[in-house]
Amino acid sequence: QVQLVESGGGLVQAGGSLRLSCAASGRTLSPFYMGWFRQAPGKDREFVSVIRRNGGSAVYTDSVKGRFTASRDNAKNTVFLQMNSLKPEDTAVYYCAASDEPPGTFYSTERKYPYWGQGTQVTVSS
C-alpha cells in the first residue's frame, strides 16, 4: 500500500502560479507512474498529467501543455505539479494518483491508478 497526501493548493489570481506536492508514505515512489487528475465543480474528474517512473518523461492534457510541469523527487518520495499562467478554468480539486503497473495507452484513465490522495483545492480568480 502507498498513501498519498497532496498539498500546495490555494487561491490565486489568473496568471499566477502554484506548485502542488504529493508526498507518499508506505512505499518508495520510484517504481510508480504518478498521475495528476482534477475535478471541477459539477464536472467529472479529468486527467491532467502523468510522469513515468524513475524520472521518466511526462504527458499532459492539451489544455495545460506549456503551462504545467510535472516532476518528481524520488529521494524525497514526492511528486510535484508546477502550474503557471493559471486560468479560472483550472479551478478544481487536484488529485495525485499512483500506479505500480505501466498504464500504457490508458494513462488518462482513472481506473489504472489504484492509489489516490485526498485532493487539494485550487481556485483561480479572474
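All values below were derived from every heavy atom in this structure, side-chain atoms included, with hydrogens, water molecules and symmetry-related copies excluded.
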Contact summary for Ala70 and Ile51, nearest pair of heavy atoms: O-CD1, 3.8 Å
Please check: side-chain N/O of Glu6 versus main-chain N/O of Gln118, any donor-acceptor pairing under 3.5 Å? yes
Under 4.0 Å between a side-chain nitrogen and a carboxylate oxygen: does that hold for Lys65 and Asp62? yes
Name the orientation class of the two ring planes belonging to Tyr113 and Phe37 (parallel below 30°, tilted from 30 to 60°, perpendicular beyond 60°). perpendicular
Classify the ring geometry between Trp116 and Tyr95 as parallel (under 30°), tilted (30 to 60°) or perpendicular (over 60°). perpendicular
Identify, with sequence neighbours excluded, every residue that meets salt bridge (Lys or Arg N to Asp or Glu O under 4.0 Å) alongside Arg19. none
Please tell me whether Tyr33 and Tyr107 are part of a single hydrophobic cluster in this structure, the criterion being side-chain heavy atoms less than 4.5 Å apart. yes
Quick one: does Asn74's side chain have a donor or acceptor within less than 3.5 Å of a partner on Asn77's backbone? no
Partner set under salt bridge (Lys or Arg N to Asp or Glu O under 4.0 Å) for Glu110, not counting sequence neighbours: Arg45
Search all heavy atoms of Ser49 against all heavy atoms of Leu81 and return the closest pair with its distance. CB-CD1, 4.5 Å
Please identify each residue that fulfils side chain to side chain donor-acceptor pair (under 3.5 Å) with Asp44, with sequence neighbours left out. none
I'd like to know whether Met34 forms a side-chain contact (heavy atoms from CB on, under 4.5 Å) with Arg72, so could you lay out the CA-CA distance, the side-chain angles of the two residues, the decisive distance to 0.1 Å, and finally the verdict. CA-CA 9 Å; Met34 297 300 299; Arg72 62 195 303 160; 3.8 Å; yes
Residue set satisfying side chain to side chain donor-acceptor pair (under 3.5 Å) with Ser63, at least two apart, ordered chain then number -> Arg38
Treating Thr91 as the side-chain partner and Val124 as the backbone partner, does any N or O pair qualify as donor plus acceptor under 3.5 Å? yes
Ser99 side chain to Glu101 backbone, donor-acceptor under 3.5 Å: yes
Applying side chain to side chain donor-acceptor pair (under 3.5 Å), name anything that partners Thr123, two or more places apart in sequence or on another chain. Gln121
Single-linkage hydrophobic cluster Val93~Val48, side-chain heavy atoms < 4.5 angstrom: no
Given 3.5 Å as the limit, does a donor-acceptor pair link the side chain of Ser108 with the main chain of Phe106, or not? no
Shortest non-hydrogen separation from Pro88 to Ala14 and the atoms involved: CD-CB, 4.1 Å
Under the side chain to side chain donor-acceptor pair (under 3.5 Å) rule, collect the residues that match up with Gln82, sequence neighbours excluded. Asn84
